[in-house]
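Have a look at the structure below before the remarks.
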Amino acid sequence: MYRSIRKKGWDYSQTADYLITICTRNRLPYFGSVEKGAVSLSPVGEIVQRTILDIPEVHSNVILKEWVIMPDHIHLIIHFKRRPPKEQSGAGKFGPQKATLGRVIAGFKARVTSQALIENCDFEWQIGYHDRILNHQSAIENATRYIRENPQNL
């Protein structure tokens with residue numbers, strides 16, 4: 001049974017910086033491989049890359065600060081900015097939807113999965129994702145360094 005690990009009482013629609021980690025199912029290396037400290041992307045890894053780069057276009061309230069695609073997971077640092085009240089809700093299947101971090105990540109995962117199916121790529125996400133709220137500039141700097149050095153650490 002899946003249990004949310006979101007921070008209780010935190011409003012995930014508010015302005016904040018987040019370190020996001022999203023893994024593949026069973027940590028299988030669907031996205032490629034690391035060779036000599038650099039990531040070599042598979043076809044599904046290329047889909048992930050294109051979709052990451054589209055996040056700020058799909059969600060005007062998101063700034064993509066840093067990211068890396070590893071063989072079995074991705075890391076993103078995103079700045080989520082609160083939209084003005086008129087823009088906070090979009091027309092969804094079940095009426096207006098509040099713009100939240102969870103909706104951004106769910107939409108990203110759905111777009112990758114959909115494109116992977118279209119391109120006939122074998123691929124599955126792990127359920128959920130991990131987020132860490134980066135409250136201080138030093139936390140953002142440490143997370144940025146971690147992401148940049150991640151491929152060399154394999």
Side-chain angles (χ1 to χ4, degrees), residues 2-7 10-34 38-84 87-135 139-140 142-151 154:
Y2 176 72
R3 187 176 60 88
S4 176
I5 57 171
R6 305 286 77 82
K7 183 176 180 179
W10 182 260
D11 179 358
Y12 280 90
S13 69
Q14 73 180 348
T15 299
D17 290 291
Y18 299 94
L19 171 61
I20 308 295
T21 302
I22 310 171
C23 299
T24 62
R25 186 172 184 132
N26 297 323
R27 298 296 299 256
L28 292 173
Y30 289 114
F31 302 148
S33 60
V34 175
V39 180
S40 176
L41 296 177
S42 68
V44 75
E46 290 174 3
I47 293 168
V48 169
Q49 179 174 268
R50 289 191 309 266
T51 310
I52 287 172
L53 293 172
D54 284 345
I55 290 173
E57 291 178 35
V58 174
H59 301 280
S60 61
N61 60 318
V62 172
I63 297 170
L64 187 58
K65 289 189 164 184
E66 194 72 42
W67 56 275
V68 68
I69 301 169
M70 298 299 290
D72 61 357
H73 66 282
I74 63 171
H75 295 295
L76 308 162
I77 297 176
I78 63 172
H79 176 76
F80 194 86
K81 54 187 180 175
R82 190 176 204 127
R83 292 179 173 176
E87 294 182 31
Q88 281 197 16
S89 297
K93 182 177 178 181
F94 302 105
Q97 302 291 309
K98 190 172 183 180
T100 64
L101 178 64
R103 293 199 189 284
V104 170
I105 301 304
F108 165 78
K109 290 172 74 173
R111 286 188 303 281
V112 169
T113 300
S114 177
Q115 192 61 42
L117 286 169
I118 289 168
E119 296 185 28
N120 206 24
C121 296
D122 183 37
F123 163 72
E124 289 182 82
W125 289 114
Q126 176 177 299
I127 294 173
Y129 62 94
H130 178 74
D131 69 83
R132 193 171 110 216
I133 303 160
L134 303 174
N135 294 335
I140 295 168
N142 289 338
T144 299
R145 185 173 33 262
Y146 174 78
I147 286 174
R148 290 181 181 164
E149 295 173 358
N150 204 221
L154 285 186

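As the structure is a prediction and not an experimental result, all values here were calculated from the model. For the single chain, residues carry numbers from 1 onward in sequence order.
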Working to the nearest 0.5 angstrom, can you tell me the gap between Leu134 CG and Leu19 CG? 5.5 Å
To the nearest 0.5 Å, atom NE2 of His79 lies from atom CD1 of Ile140 at 8.5 Å
Keeping the roles fixed (side chain from Thr100, backbone from Tyr12), state whether a donor-acceptor pair exists under 3.5 Å. no
Backbone N or O of Gly128 within a donor-acceptor pair of the Lys109 side chain at under 3.5 Å? yes
Might you point out which heavy atoms bring Val62 and Ile78 nearest each other, and give the distance in Å? CG1-CB, 4.0 Å
Salt bridge (charged side-chain N to carboxylate O under 4.0 Å, His left out) involving Glu124 - partner list, sequence neighbours excluded: Arg25
Expected output: side-chain Ser114 to main-chain Ala110 donor-acceptor under 3.5 Å: no
Would you mind reporting whether Phe108 and Asp54 have side-chain heavy atoms less than 4.5 Å apart? no
Lys65 (side chain) donor-acceptor with Tyr18 (main chain) under 3.5 angstrom: no
Output the distance between atom CD1 (Ile55) and atom CG (Leu64), rounded to the nearest 0.5 Å. 6.0 Å
Which atom names give the shortest non-hydrogen contact between Lys81 and Ser60, and what distance separates them? CE-O, 3.2 Å
Give the intermediate values and the outcome of salt bridge (charged side-chain N to carboxylate O under 4.0 Å, His left out) for residues Arg50 and Glu119. CA-CA 13 Å; Arg50 289 191 309 266; Glu119 296 185 28; 2.9 Å; yes
Drop me the distance from Ile52's CD1 to Ile74's CD1, to the nearest 0.5 angstrom. 4.0 Å
Whether over 12 other heavy atoms sit under 6.0 Å from Asn135 CG: yes
Please evaluate residues Trp67 and Ile20 with respect to the criterion side chain to side chain contact (heavy atoms under 4.5 Å, CB included), reporting the C-alpha separation (whole Å), side-chain torsions for both, the decisive distance (0.1 Å), and the verdict. CA-CA 9 Å; Trp67 56 275; Ile20 308 295; over 6 Å; no
Minimum-distance pair of heavy atoms, taken over all atoms of Ala116 and Ile47: CA-CD1, 3.7 Å
Which atom names give the shortest non-hydrogen contact between Leu41 and Gly45, and what distance separates them? CD1-O, 3.8 Å
CZ of Phe80 to CG of Asp131: how many Å apart, nearest 0.5 Å? 11.5 Å
Check: Val39 and Met70 side chains under 4.5 Å, non-hydrogen atoms: yes
Can you name the residues that form a ring-ring contact (aromatic ring centres under 6.0 Å, His included) with Phe123, not counting sequence neighbours? Tyr30, Phe31, Trp125
Mind checking side-chain hydrogen bond (donor to acceptor under 3.5 Å, both in side chains) for Arg145 and listing every partner two or more places apart, or none if nothing turns up? Asn142
Once you round to the nearest 0.5 Å, how far does CD of Gln115 lie from CG of Leu117? 9.5 Å
Do you know the tightest heavy-atom contact between Gly32 and Pro71? O-CB, 3.2 Å
